[in-house]
Undergrad: 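Okay, here's the structure, questions in a sec.
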Amino acid sequence: MYLIGFDIGSSSVKAGIVDAATGRTLSNAFYPKQEAPIRSEKTGWAEQHPHDWWTYLKQALTEALGTAAQTAGCPAATLRENIAAIGISYQMHGLVCVDKHQRVLRPAIIWCDSRAVPYGEQAFRELEENYCLTHLLNSPGNFTACKLAWVKENEPEVFEKIDKILLPGDYIAMRLIGEACTTVSGLSEGIFWDFRTGSISRELLCQLGLSEDLIPTLCPTFGEQGRVTASAAEELGLKAGIPVTYRAGDQPNNALSLNVFHPGEIASTAGTSGVVYGVNGAITSDPLSRVNTFAHVNHRQGNLPNGTFPAEEQIRLGVLLCINGTGILNSWIRRNVAPAGCSYQDMNAMAAQVPIGSDGVSIIPFGNGAERVLQNRETGCSIHGLNFNRHHREHLIRAAQEGIVFSFKYGIDIMESMGMHVNKIHAGRANMFLSPLFRETLAGVTGATIELYETDGSVGAAKGAGIGAGIYRDNREAFAGLERKAVVEPDPRTREAYDEAYRRWLNLLNQPTNTL
């Protein structure tokens with residue numbers, strides 16, 4: 001018995017296949033092999049066509065099925081006949097518009113498109129900040145609801161034809177099962193969900209001039225959402241009737257992939273940008289809206305339409321911090337500060353020669369655009385405390401990594417002010433988490449244990465499908481085989497030095513030139 005997971009990204013679509021009995025990953029594949037194009041007709045716009053996601057999915061699945069059959073040592077036909085469930089992960093906050101015949105009416109407006117910002121700002125003012133932060137748990141910002149408001153005002157001929165609006169994962173599910181449906185987690189990431197009433201926010205819809213009829217039927221995050229149609233099965237080379245049993249946005253799914261389900265647990269990534277995603281057990285928000293809060297995969301809230309789910313209430317909210325200036329700063333240091341030909345491993349060794357706090361050098365890392373954690377200000381990257389007679393490139397290399405970690409700590413402090421207690425951080429062993437210095441600094445300044453795993457979004461979606469199909473009793477069983485590669489415990493002997501370095505960094509961040 002096998003499980004398929006799809007991860008619909010803006011760069012590629014991934015397909016992962018898992019042996020349900022052993023939890024072993026049989027294959028991973030992605031398509032296209034070069035980064036998928038993003039259309040940008042105007043500054044700040046970003047669009048992709050949903051048809052392309054479906055094409056990429058078919059290509060990735062074909063490759064994954066072939067490799068999985070070889071790994072499992074069985075005929076491809078046998079493997080295809082024994083697919084038990086399908087899960088979907090997807091790029092968050094996008095907008096897909098379809099008509100009553102499920103035809104796409106325009107290219108999808110994806111997560112990094114900023115055209116809807118004025119609509120979110122207006123809604124924040126007119127609905128009042130207190131309502132937005134206590135009911136939606138976010139400012140409306142540039143999320144899906146505001147993108148739809150942009151279409152309504154700027155493309156009325158398109159808007160008039162819309163039957164349902166979908167998130168990218170909802171679109172893929174519709175292509176698989178033939179029905180348009182969405183999840184509470186999905187609605188929350190689009191800022192359609194009222195956490196105080198446990199229902200769709202009619203106040204937001206009214207302010208934006210949108211009808212609730214545009215929202216698809218609700219289905220559970222875990223559980224049967226529909227079954228693969230005969231036509232979809234023929235296109236994909238699968239059997240008809242396979243249940244789709246899990247769906248979540250990429251950041252909640254990354255947390256699931258790292259077995260992060262409970263309050264106080266954190267999932268983190270540190271690529272070009274960095275993400276800290278923590279689970280909260282209470283309905284709270286940051287009064288300055290420096291972090292975003294969405295329904296996590298295991299959030300269950302009463303008062304849902306039709307009374308079909310959940311069986312019992314369980315508040316599980318994902319608090320999302322995104323830092324734009326993460327790995328991009330480290331790569332800049334490599335190109336412009338480190339010796340020619342220096343590897344990241346060499347840089348780590350150089351930085352390790354410098355004591356905690358980089359002998360007084362501090363770097364504010366926010367040089368990759370406006371940062372939401374700074375209330376959408378663009379402060380730029382800056383270097384402080386540099387002494388030409390004492391400091392060398394090793395100090396800058398270490399200060400850069402410390403500055404990135406301190407920005408994570410700054411976001412974690414915000415999460416803790418919202419009532420979270422952070423004691424453990426789960427991360428994939430990739431990108432900046434490959435650096436011992438980065439890991440030790442994060443453990444040292446937060447006091448949290450860092451656990452590193454081998455993980456993949458499509459594999460996580462496959463295991464999520466196993467939970468939704470009842471193949472696994474719960475997340476503990478689904479991720480029993482998740483391979484922990486390393487554990488980094490905070491060293492109490494270094495805590496004072498890290499605290500001092502962080503306080504100096506925080507004071508610099510709050511100086512008038514960097515005023516929030």
Undergrad: Rounded to the nearest 0.5 Å, what's the gap from CG on Leu148 to CD1 on Ile109? Could you check?
TA: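 One gets 8.5 Å once the value is rounded to the nearest 0.5 Å.
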Undergrad: What I want to find out is whether Asp194 reaches Arg196 closely enough, with some N-O distance under 4.0 Å, to be called a salt bridge.
TA: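 So Asp194 does not pair with Arg196 through a salt bridge.
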Undergrad: What heavy-atom pair brings Val279 and His262 nearest, and what distance separates the two atoms?
TA: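 Scanning both residues, the minimum pair turns out to be CB-O, 3.4 Å.
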Undergrad: When you check the side-chain N and O atoms of Ser139 and Arg372, is any donor under 3.5 Å from an acceptor?
TA: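 The answer is yes; a qualifying pair exists.
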Undergrad: With distance as the sole criterion, is a donor-acceptor pair present between the side chains of Tyr131 and Glu203 under 3.5 Å?
TA: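 Checked: Tyr131/Glu203 side chains pair up, N/O donor to acceptor below 3.5 Å.
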Undergrad: How would you list, by chain and number, every residue that makes a ring pair (Phe, Tyr, Trp, His ring centres under 6.0 Å) with Tyr453, sequence neighbours excluded?
TA: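 By the ring pair (Phe, Tyr, Trp, His ring centres under 6.0 Å) rule, Tyr453 matches His426.
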Undergrad: Got a sec, which pairs hit ring-ring contact (aromatic ring centres under 6.0 Å, His included) with one end in residues 266-298, sequence neighbours left out?
TA: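 As it turns out, the ring-ring contact (aromatic ring centres under 6.0 Å, His included) pairs with a partner in residues 266-298, which skip direct neighbours, are His93-Phe294, Phe143-Phe294, Tyr277-His296.
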Undergrad: What's the shortest heavy-atom distance between Cys181 and Cys219, and which atoms?
TA: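 Closest approach of Cys181 to Cys219: SG-SG, 3.6 Å.
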Undergrad: Decide salt bridge (Lys or Arg N to Asp or Glu O under 4.0 Å) for Lys424 and Glu265; before the verdict, give the C-alpha distance in whole Å, the side-chain angles of both, and the deciding distance to 0.1 Å.
TA: CA-CA 5 Å; Lys424 186 182 294 184; Glu265 293 180 342; 5.3 Å; no
Undergrad: Would you please test Thr183 and Ser185 for side chain to side chain donor-acceptor pair (under 3.5 Å) and show each step?
TA: CA-CA 5 Å; Thr183 65; Ser185 180; 4.9 Å; no
Undergrad: Are side-chain heavy atoms of Leu210 and Lys152 found at a separation under 4.5 Å?
TA: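 Touching, per the 4.5 Å side-chain cut-off.
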Undergrad: Under a 4.0 Å N-O cut-off, is there an ion pair linking Arg175 with Glu235?
TA: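 Judged by the 4.0 Å cut-off on N to carboxylate O distance, Arg175 and Glu235 do form a salt bridge.
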Undergrad: So do Leu176 and Trp54 actually touch side chain to side chain, heavy atoms under 4.5 Å?
TA: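 Yes, at least one pair of side-chain atoms sits under 4.5 Å.
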Undergrad: Determine whether the side chains of Ser89 and Asp7 contain a donor N or O and an acceptor N or O closer than 3.5 Å.
TA: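 The criterion, which ignores hydrogens and geometry beyond distance, is satisfied for Asp7 and Ser89.
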Undergrad: Can you confirm whether the side chains of Thr229 and Ser231 place a donor and an acceptor under 3.5 Å from each other?
TA: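 Side-chain D/A pair, Thr229 to Ser231: present.
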Undergrad: Regarding Asp413 and Ser417, do their side chains bring together a donor and an acceptor under 3.5 Å, going by distance alone?
TA: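 The answer is no; no qualifying pair exists.
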Undergrad: Mind checking whether Val18 and Leu26 have side chains closer than 4.5 Å, heavy atoms only?
TA: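 Heavy-atom side-chain distance check fails, nothing below 4.5 Å.
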Undergrad: With a 4.0 Å cut-off, would you call Glu81 and Lys239 a salt bridge?
TA: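 The answer is no: the pair does not qualify as a salt bridge.
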Undergrad: Under 3.5 Å, side chain of Asn280 to main-chain N/O of Ile283, donor-acceptor pair present?
TA: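 Side chain of Asn280 to backbone of Ile283, a donor-acceptor pair under 3.5 Å: no, none is there.
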Undergrad: Assess whether side chain to side chain donor-acceptor pair (under 3.5 Å) is satisfied between Gln91 and Gln48, documenting all intermediate values.
TA: CA-CA 12 Å; Gln91 51 172 296; Gln48 291 181 320; 3.2 Å; yes
Undergrad: Does the Lys NZ or Arg CZ of Lys33 fall within the cation-pi geometry relative to Phe30 - under 6.0 Å from the ring centre and within 45° of the axis?
TA: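 Yes, Lys33 lies over the aromatic ring of Phe30.
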Undergrad: Got a donor-acceptor contact below 3.5 angstrom from the Asn142 side chain to the Ala116 backbone?
TA: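 Checked: pair present.
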Undergrad: Identify which one of Leu136, Val184, Ile165 satisfies the side chain to side chain contact (heavy atoms under 4.5 Å, CB included) criterion when paired with Phe192.
TA: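 Exactly one candidate clears the test, Ile165.
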Undergrad: Kindly compute the distance separating CG (Leu256) from CD1 (Ile467), expressed to the nearest 0.5 Å.
TA: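 It is 5.5 Å, given to the nearest 0.5 Å.
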Undergrad: Counting only N and O atoms by type, is there a donor-acceptor contact under 3.5 Å from the side chain of Thr245 to the main-chain atoms of Gly468?
TA: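 No: the side chain of Thr245 does not pair with the backbone of Gly468.
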Undergrad: Considering only heavy atoms from C-beta outward, does the side chain of Arg106 approach that of His49 to under 4.5 Å?
TA: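 Result no, sub-4.5 Å side-chain heavy-atom pair not found.
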Undergrad: Measure the CZ-CZ distance between Arg476 and Phe261 for me, rounded to the nearest 0.5 Å.
TA: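 It is 10.0 Å, given to the nearest 0.5 Å.
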Undergrad: So, are Arg39 and Glu47 salt-bridged, with charged N and O less than 4.0 Å apart?
TA: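 Yes.
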Undergrad: What's the separation between atom NZ in Lys485 and atom CG in Leu452, rounded to the nearest 0.5 Å?
TA: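 Those atoms lie 11.0 Å apart.
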Undergrad: Side-chain contact, heavy-atom cut-off 4.5 Å: Ile4 with Leu61?
TA: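 Answer yes - side chains close enough.
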Undergrad: Pairing donors with acceptors under 3.5 angstrom, does anything connect the side chains of Tyr90 and Ser10?
TA: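 No pair is found: no donor N or O on one side chain lies under 3.5 Å from an acceptor on the other.
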Undergrad: Side chain to side chain donor-acceptor pair (under 3.5 Å), that's the test. Do Thr449 and Glu489 meet it? Break it down for me.
TA: CA-CA 5 Å; Thr449 299; Glu489 298 283 358; 2.7 Å; yes
Undergrad: Side chains of Asp170 and Thr182: do they bring a donor and an acceptor to under 3.5 Å?
TA: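 Yes.
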Undergrad: I want to check something: taking the side chain as every heavy atom from C-beta on, are Leu374 and Arg290 in contact at a cut-off of under 4.5 Å?
TA: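 Not touching, per the 4.5 Å side-chain cut-off.
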Undergrad: Aromatic rings Tyr31 and Tyr56: how do their planes relate, parallel, tilted or perpendicular, breaks at 30° and 60°?
TA: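 Correct class here is tilted.
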Undergrad: Would you check if Phe195 and Ser188 make a side-chain contact, meaning some heavy-atom pair closer than 4.5 Å?
TA: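 A side-chain contact under 4.5 Å exists here.
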Undergrad: So, are Glu179 and Lys164 salt-bridged, with charged N and O less than 4.0 Å apart?
TA: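 No, this pair does not count.
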